Amino acid sequence: MKRPSFVKSSTILISTSQGEGIFRSKEDVPLDLRRRLAASLTGPNSATILIADRRGRDEISRALRGLPPPEEGSSLNRVVLGLTGTLLALAAGAVVWLALAYR
């Protein structure tokens, strides 16, 4: 099964009393600002804020528990989806047949 590909990107927004700056990587941040940032991130008032949707939250939870990522569409799911599609197609055909038969 082909695994999905991911593109990783980052944007760093730093807001200080002198203004705001947007950077694409840690290396893009000016050295003096990077030092101040490092000092503030290791202080007692530092925290990590993570924002994720439901799927992201589930993936993070799995990773923290050391579980592998879920398989994309297990064989049982594919069978159920296939049968559901077949049944819907048969039902639609029956409705059309009944509509034409009782005309």
Side-chain angles (χ1 to χ4, degrees):
M1 172 178 283
K2 185 178 177 183
R3 301 204 35 100
S5 61
F6 295 94
V7 175
K8 293 182 180 183
S9 67
S10 63
T11 301
I12 302 168
L13 170 65
I14 299 177
S15 180
T16 66
S17 58
Q18 289 84 28
E20 291 185 347
I22 298 176
F23 309 95
R24 292 286 171 205
S25 70
K26 181 176 70 171
E27 291 75 25
D28 290 346
V29 178
L31 187 58
D32 63 324
L33 186 54
R34 206 178 328 156
R35 286 183 182 142
R36 289 183 12 216
L37 180 62
S40 69
L41 292 176
T42 57
N45 293 326
S46 65
T48 299
I49 299 173
L50 177 64
I51 301 171
D53 61 6
R54 181 172 292 173
R55 182 176 176 189
R57 184 191 65 207
D58 292 343
E59 289 179 17
I60 291 166
S61 177
R62 259 192 232 87
L64 289 174
R65 289 182 284 156
L67 299 174
E71 288 292 323
E72 292 293 322
S74 70
S75 59
L76 179 60
N77 287 345
R78 286 192 298 264
V79 169
V80 170
L81 286 175
L83 286 174
T84 303
T86 302
L87 290 174
L88 285 174
L90 288 173
V95 168
V96 170
W97 179 78
L98 285 171
L100 294 174
Y102 287 106
R103 223 172 183 207

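Sequence positions, counted from 1, serve as the residue numbers for this chain. Keep in mind that what you see is a predicted model, and the values were worked out from it rather than measured.
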Sorted by chain and number, sequence neighbours left out, side-chain contact (heavy atoms from CB on, under 4.5 Å) with Leu88 holds for Thr84
Which residues share a side-chain contact (heavy atoms from CB on, under 4.5 Å) with Glu20, sequence neighbours left out:
Leu13, Ser15
Kindly list each side-chain donor-acceptor pair under 3.5 angstrom involving residues 28-38, sequence neighbours excluded, with atom names and distances?
from: Arg34; atom 1: NE; to: Lys26; atom 2: O; distance (Å): 3.4
from: Arg34; atom 1: NE; to: Val29; atom 2: O; distance (Å): 3.3
from: Arg34; atom 1: NH2; to: Val29; atom 2: O; distance (Å): 3.2

